[in-house]
Amino acid sequence: MKHNKFLVLLLGAAISFSSCKKVLELSPTDTFNESNAFQTIEDLQSGVNGAYARYSAYANNMYTSALTSDEAKLGSGNSGQGGLTYRYQYASDPTSGGDVTGAYYAYYGLIDQVNRVLPKVPTVSATAAQEPLRGSLKGQLLALRAIAYYELLNNYSNVYNPSDLGVALVLVSDINAQPPRNTMGEVMAQIDADLAEAKTLVAADAFSDVTINKVNIAAFQARIALYKKDYDAAITFATEVINSGVKPLVSGSAFSGIWIDLNTNETLFRIVYTGAGIGSLWTTTGGNIYIAPSDKLVASYGTGDIRKAAYIGGTPGDYYVNKFYTSARGGRIVDLKAARISEMYLIRAEAYAKKSSPDLTAGAADLNALRAARITGYVNETFTTAAALVTAVLEERFKELAFEGFRFYDLKRNGLPVQRLASDANIAWQTLAAGDYRFVYPIPSTELTANRSMVQNPGY
């Protein structure tokens, strides 16, 4: 039996931003509807909060990336959770494909929330003191919409090619719309435009790791630039984040404390949980291990690497995911870290290696800076070829960003296969060949039924 537990997380997050409603007898003039729901800047803020709640959809990326890559295996307490997905037996129907299609609805739900709230930005009332918030809230909405579209491309389109099939662009809320799929280039143009405008609107905002601001917009711009192979832009945006100095690399307990919410070091953007969150996808509060770290991942951490203890708990044969495992608020109640400074160093290192004129010295410096913060007694490494540096960066991403929603997509965008160890998987699902159609998740069958303009991805 398959449990689509990330959908529960999304529902929980949405409920946490909603108010309980009593059944009241109201006269027609008291009807609460969309036209009068947004009267003040406080109402607008509530609408934006709802969009943030829907970004909990990123938990889906963490879950499916782990299940369909080589960083996880089925745990000792698994009773079917994620089994079909792990075995690459997913399709577009809800029974077998719920894990991989859940993000489709979640991100379009976020987009619809944004599209409903955006038209209210210029109409709500605000005091003179509140007026600057108007533009900032619009910027936050635009950025969240852009991020959602990027995630849709990442999940439901192939390796980035502007002329290839993307996803449907929807910029107004219309429940009767039946939009066709746009090209990846068209979707990316909207993503870039939304982020660029958002950055101007929130430019004066102070940094916060729980709201969209200039620094973490740049972080997402760096991530997206790497995805679309614009390596010079990736370097520029990653450098903007690193040079801001808001979240430097840390080591020792300052690093391990991130994962039990003792601090917010290195965190550029996070979603706060008040109840069980992403950690409960891997391990129950009772200790049952649904999804475990792979033997391949465990073995990748060398002597002196502080990440092994921070990320992996348990003993040989019974390891569990220690990331997001516990905090002072309780078991599995740990904030979702959606962007961290270490990713910026890795983005920049990879971009230096892949740009038209590789800069191996600069790329190695970024990789070495991260490793020095993570590995006791680390000695800097030099590289003589761009290919060697790229391989080293991808291996470091495997170790550094484990269970944060990157591994499957890293293999996909680099044209690499999934290769699991025999101890992690049955021979039938040890390998997913590079370019296999299952690197692109299916469009949900219910979307195909409801939208006559929609077309399915090849292979499903």
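Computation of the quantities below employed the complete heavy-atom set of this structure, encompassing side-chain atoms and omitting hydrogens, waters and symmetry-equivalent molecules.
Here the CG-OH distance, from Asn457 to Tyr437, works out to 11.5 Å after rounding to the nearest 0.5 Å. Atom OH in Tyr273 sits 13.0 Å away from atom OG in Ser327 (nearest 0.5 Å). Taken to the nearest 0.5 Å, the CD1 atom of Ile258 stands 4.5 Å off from the CD atom of Glu266. Taking CG of Asp205 as the start and NZ of Lys199 as the end, the distance is 13.5 Å to the nearest 0.5 Å.
Side-chain contact of Lys337 with Thr264: a donor-acceptor pair under 3.5 Å is absent, judged by distance alone. Inspection of the Asn368 and Tyr378 side chains reveals an N or O donor paired with an N or O acceptor under 3.5 Å. Using a 3.5 Å distance cut-off with no hydrogens or angles, the side chains of Tyr441 and Thr68 do pair a donor with an acceptor. In the model, Ser136 has a side-chain atom that pairs as donor or acceptor with a side-chain atom of Gln140 under 3.5 Å. A side-chain N or O of Arg145 and one of Asn115 form a donor-acceptor pair less than 3.5 Å apart. Defined by atom type and a distance below 3.5 Å, a donor-acceptor pair is present between the side-chain atoms of Asn61 and Tyr107. Inspection of the Lys354 and Asn414 side chains reveals an N or O donor paired with an N or O acceptor under 3.5 Å. Side-chain N/O atoms of Ser294 and Asp70 include no donor and acceptor closer than 3.5 Å.
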Next item on the list: Would you please test Leu411 and Phe398 for side-chain contact (heavy atoms from CB on, under 4.5 Å) and show each step?
Entry: CA-CA 10 Å; Leu411 295 173; Phe398 178 53; over 6 Å; no

Next item on the list: Test Tyr160 against Arg413 for side-chain contact (heavy atoms from CB on, under 4.5 Å), laying out the working first.
Entry: CA-CA 8 Å; Tyr160 185 70; Arg413 67 182 175 82; over 6 Å; no

Next item on the list: Check the pair Tyr290, Trp282 against ring-ring contact (aromatic ring centres under 6.0 Å, His included), reporting the backbone distance first and the verdict last.
Entry: CA-CA 5 Å; Tyr290 288 159; Trp282 321 121; over 10 Å; no

Notebook entry, point to check: Step by step, would you call Leu249 with Arg374 a side-chain contact (heavy atoms from CB on, under 4.5 Å)?
Noted result: CA-CA 9 Å; Leu249 291 171; Arg374 303 291 188 254; 4.1 Å; yes

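Contact of the Ser157 side chain with the Val167 side chain is registered, since non-hydrogen atoms from C-beta on lie closer than 4.5 Å.
The backbone N or O of Leu297 lies less than 3.5 Å from no partner atom in the side chain of Glu71, so there is not a single donor-acceptor pair. Counting only distance, with no hydrogens or angles, the side chain of Arg329 and the backbone of Gly275 share no donor-acceptor pair below 3.5 Å. Checked by atom type and distance alone, the side chain of Arg371 never pairs as donor or acceptor with a backbone atom of Asn380 at under 3.5 Å.
Environment of NZ in Lys138: sparse, with no more than 12 heavy atoms of neighbouring residues, nucleotides or ligands closer than 6.0 Å. Other residues, nucleotides and ligands contribute over 12 non-hydrogen atoms within 6.0 Å of the NZ atom of Lys296.
Salt-bridge formation is not detected for the pair Arg270/Asp261: no Lys NZ or Arg NE/NH1/NH2 atom is positioned less than 4.0 Å from an Asp or Glu carboxylate oxygen. Using a cut-off of 4.0 Å between Lys/Arg side-chain N and Asp/Glu carboxylate O, Asp232 and Lys355 are scored as salt-bridged. Between Asp209 and Arg340 there is no salt bridge, since no side-chain nitrogen of the basic residue lies less than 4.0 Å from a carboxylate oxygen of the acidic one. One finds no salt bridge joining Arg307 and Glu404 here, because no Lys/Arg side-chain nitrogen approaches an Asp/Glu carboxylate oxygen to under 4.0 Å.
Taking the six-membered ring wherever Trp is involved, the centroid distance between the rings of Tyr325 and Tyr320 falls below 6.0 Å.
Ring planes of Phe269 and Phe220: perpendicular class, angle over 60° (limits at 30 and 60°).
A cation-pi contact, defined as under 6.0 Å to the ring centre and within 45° of the axis, links Arg397 to Phe406.
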